[in-house]
Protein chains: 2
Amino acid sequence: MSMTNNYELYKVFYWAAKTGSLTKAAKNLYLTQPSVSHAIKQLEERFGIALFYRNSKGVTLTQEGAVLYSYIEQSQILISLAEEKMAALKNLDSGELRIGGSDSLFKHYLLPYLEDYHHNHPGIRLHLNHGTTPEIITFLKEGRIDLGVVRMPIHDSQLEVRESIKLQDCFVTGARYAELRGVVLSLDKLLQYPVILFSRNSRARMAITELFQNYGYTLKPEIEVGSVELLIEFARKGLGISYVTREFVAKELEEGSLFEIQLDVQLPPTHVGIMTMRNMPLSRAASSFIALVQ
Amino acid sequence: MSMTNNYELYKVFYWAAKTGSLTKAAKNLYLTQPSVSHAIKQLEERFGIALFYRNSKGVTLTQEGAVLYSYIEQSQILISLAEEKMAALKNLDSGELRIGGSDSLFKHYLLPYLEDYHHNHPGIRLHLNHGTTPEIITFLKEGRIDLGVVRMPIHDSQLEVRESIKLQDCFVTGARYAELRGVVLSLDKLLQYPVILFSRNSRARMAITELFQNYGYTLKPEIEVGSVELLIEFARKGLGISYVTREFVAKELEEGSLFEIQLDVQLPPTHVGIMTMRNMPLSRAASSFIALVQ
DNA sequence: TATTTGTCATAGACATGATCTATAGCTCCT
DNA sequence: AGGAGCTATAGATCATGTCTATGACAAATA
């Protein structure tokens, strides 16, 4: 077997052939001419074939040397391209970033970061995958995404979770129920009003349902809708009281088209968690994005 | 200035990625596992990018590692092909052999060697270039042929000439001049018969013309023909006395369709010379062919 | 024709760095 | 809990890549 096939010799060969001069090759490689001479000799001895004609003006390839060069040239070009590509990846001039999360988190939480990131690194291709929390975790474990953005808590020993901003869910409604403005409601009082919940089996919905159960009540929504947008819209139009994330309705609260219902119990806050695979190096793109978000 | 981008590291990387295991890579490379581990680490530090996920079952490529692999894999495959090709060239399983010479030498001198060589090395492509001696020398110097086969003497300091078999030119004729069989002729007597010479300005023709001049005679051919075949044919048909190389008419002399004219002077013998460029390594194919001929 | 200036080759000294052995830490599986 | 895979780390060793100095040769120059 080819024990010490030093591939380094091919680099020397490449430059010697390309420049037609051992001296020039040496300069390109930051070596001395005898080193290059020695390297070429090694190759020639390994193959048992002369690769160059030596003359007083430099070197030219023999027939066999030209054959070797036709392969080695391509090989060296590929390596150069690889090195350029790696430099680009390091500088975040290229690459891709694959994020998993819910649509609402993308729209209301990640969007400004995504815009910022894309602006600073236009060469990085962004892939957004939406899904439920279990789906996102599966994507992560299958290597289909680099990071997942979901609500805490997450308990999975394979995952590393970074806690990001706190979110507070709350009940909101619009002018139709103006009498509730400034009033502190108990849970059972609240249930006398039509409640609008997110239809999908989201973590937030499970949490609030459980909270009502702990107090001995059953939370059964009058209306179920499929998006945060509709939760907001329905509450504004007076169809009922929507359970939403306060931070996601900041605009409506400020302009007064929605107001928050005060309750006599504290609704539990949740945090956004940024999940990655534990013990797996992050891609440059992913780690720089996480640094941006945190 | 260890600018030394050790390309050897790519080979290690290639095998680590290909086998998905540093241990297996080490076995393939006849190294130890720590060496491979160290090599990968060096690459990762050079790029500032993690290339592998390490886990208890081995290693798998990171996104960036996979990008690198896509280039390096091609590069390594090319190098493998190059090494196979060089081995084939060394074993004379492939390659080409370009010979220059006159048509008559090809046909009457080289043909059996060419057949033999082609039989033993069917992978070597043969290129035959015919031309006059000066043309052959030019071809050699331009690198268009590997060796030239011409008549001696050759005087050119750039060329290395190997003397091959001796050839003896002579005058022959056929039954029409049967009265000359066994007779020793002088040069002037010979000139009373129609002489047939090669039309092209060959070395052989120049030599015989000069010989006649040295004796005070002028050799002027009755007929000039363009090939050795016609020299033979015309002499057989009784059109005159042809000046040919004895070895090239061996068959006709033996079967008696031609006989040699005895002269009272010794015609100078010539040798076949095999020319190559001095100070230039021969291709494997060329040197093995020369060894066969000599 | 002698001189200069370029080329590559050779020899021997040196030091870098590739590789080894030994060991530890980790995860998974029995 | 123990064993059987992995890979990572540390430190010693020595192979070999690289250097300096020099030679031989050829071509351009004067």
Side-chain angles (χ1 to χ4, degrees), chain A residues 1-13 15-46 50-62 65 141 156-160 277-281, chain B residues 1-13 15-46 50-62 65 141 156-160 277-281:
Chain A
M1 291 290 154
S2 48
M3 302 305 246
T4 174
N5 257 355
N6 202 332
Y7 282 26
E8 204 67 7
L9 298 181
Y10 292 129
K11 185 165 60 175
V12 179
F13 169 76
W15 282 101
K18 185 182 169 117
T19 61
S21 155
L22 302 196
T23 307
K24 283 182 197 150
K27 281 182 186 141
N28 274 290
L29 293 162
Y30 302 97
L31 292 176
T32 57
Q33 171 268 316
S35 295
V36 173
S37 178
H38 184 231
I40 298 299
K41 194 177 184 186
Q42 271 185 291
L43 263 190
E44 292 183 322
E45 281 171 2
R46 256 194 345 91
L51 299 172
F52 288 104
Y53 302 123
R54 277 82 161 166
N55 56 50
S56 66
K57 303 182 80 77
V59 295
T60 54
L61 288 166
T62 61
K141 292 185 179 174
D156 191 315
S157 62
Q158 289 185 62
L159 301 181
E160 177 158 352
M277 289 299 285
R278 186 183 298 281
N279 295 329
M280 288 225 176
Chain B
M1 169 90 55
S2 207
M3 185 70 181
T4 150
N5 272 357
N6 205 332
Y7 281 25
E8 204 66 7
L9 297 181
Y10 291 128
K11 185 166 59 175
V12 178
F13 168 77
W15 282 100
K18 185 182 169 117
T19 62
S21 155
L22 303 196
T23 306
K24 284 184 195 147
K27 281 183 186 141
N28 275 290
L29 293 162
Y30 301 97
L31 293 176
T32 58
Q33 172 268 317
S35 295
V36 173
S37 179
H38 185 233
I40 299 299
K41 194 177 186 186
Q42 271 186 291
L43 263 189
E44 291 183 322
E45 281 171 3
R46 247 182 8 80
L51 298 173
F52 287 104
Y53 302 123
R54 277 82 162 168
N55 55 50
S56 66
K57 304 182 80 76
V59 294
T60 54
L61 287 166
T62 61
K141 292 185 179 174
D156 189 315
S157 63
Q158 288 184 64
L159 301 181
E160 177 159 351
M277 289 298 286
R278 185 183 299 280
N279 296 329
M280 288 225 177

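Just so you know, these numbers come straight off a predicted model, no measurement behind them. Sequence lines set the chain letters: A, B, ... in the order given, protein chains first and strands last, and positions in each chain run from 1.
Residue-environment remark: NZ (B:K141) exceeds the threshold of 12 foreign heavy atoms within 6.0 Å.
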Between the protein and nucleotides 1-4 of chain D, list every N/O to N/O distance that falls short of 3.5 Å.
none

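When distances run from any side-chain atom of A:T32 to the nucleotides C:dT19, D:dC19, C:dG6, the shortest one goes to D:dC19.
With sequence neighbours left out, the salt bridge (Lys or Arg N to Asp or Glu O under 4.0 Å) criterion links B:K41 to no other residue. Legend: residues meeting side chain to side chain contact (heavy atoms under 4.5 Å, CB included) with A:K18, ordered by chain and number and at least two apart, are A:Y14, A:W15, A:Y69.
Annotation: the span from A:L22 atom CG to A:L31 atom CG amounts to 11.5 Å, rounded to 0.5 Å.
For DNA chain C, the residues of residues 17-27 of chain A within the heavy-atom distance limit of 4.0 Å (strictly under) are A:S21, A:L22, A:T23, sorted by number. DNA chain C is contacted by A:Q33, A:P34, A:S37, A:K41 of residues 33-41 of chain A, taking any non-hydrogen atom closer than 4.0 Å.
Rounding to whole angstrom units, CG of residue A:L31 and P of D:dT18 are separated by 5 Å. We find that NZ of B:K57 is positioned 10 Å from C1' of C:dT27, with the value rounded to whole Å. Atom OH in A:Y53 sits about 15 Å away from atom P in C:dA9, given to the nearest Å.
Where B:S56 and A:V59 each meet DNA chain C at their nearest nucleotide, the meeting point lying more 5' is that of A:V59.
With axes fitted over five pairs at each extremity, the angle between the ends of the helix from C:dT1-D:dA30 to C:dT30-D:dA1 is 30° (10° resolution).
One finds no side-chain N or O of B:R54 lying less than 4.0 angstrom from the OP1 or OP2 phosphate oxygen of C:dC26.
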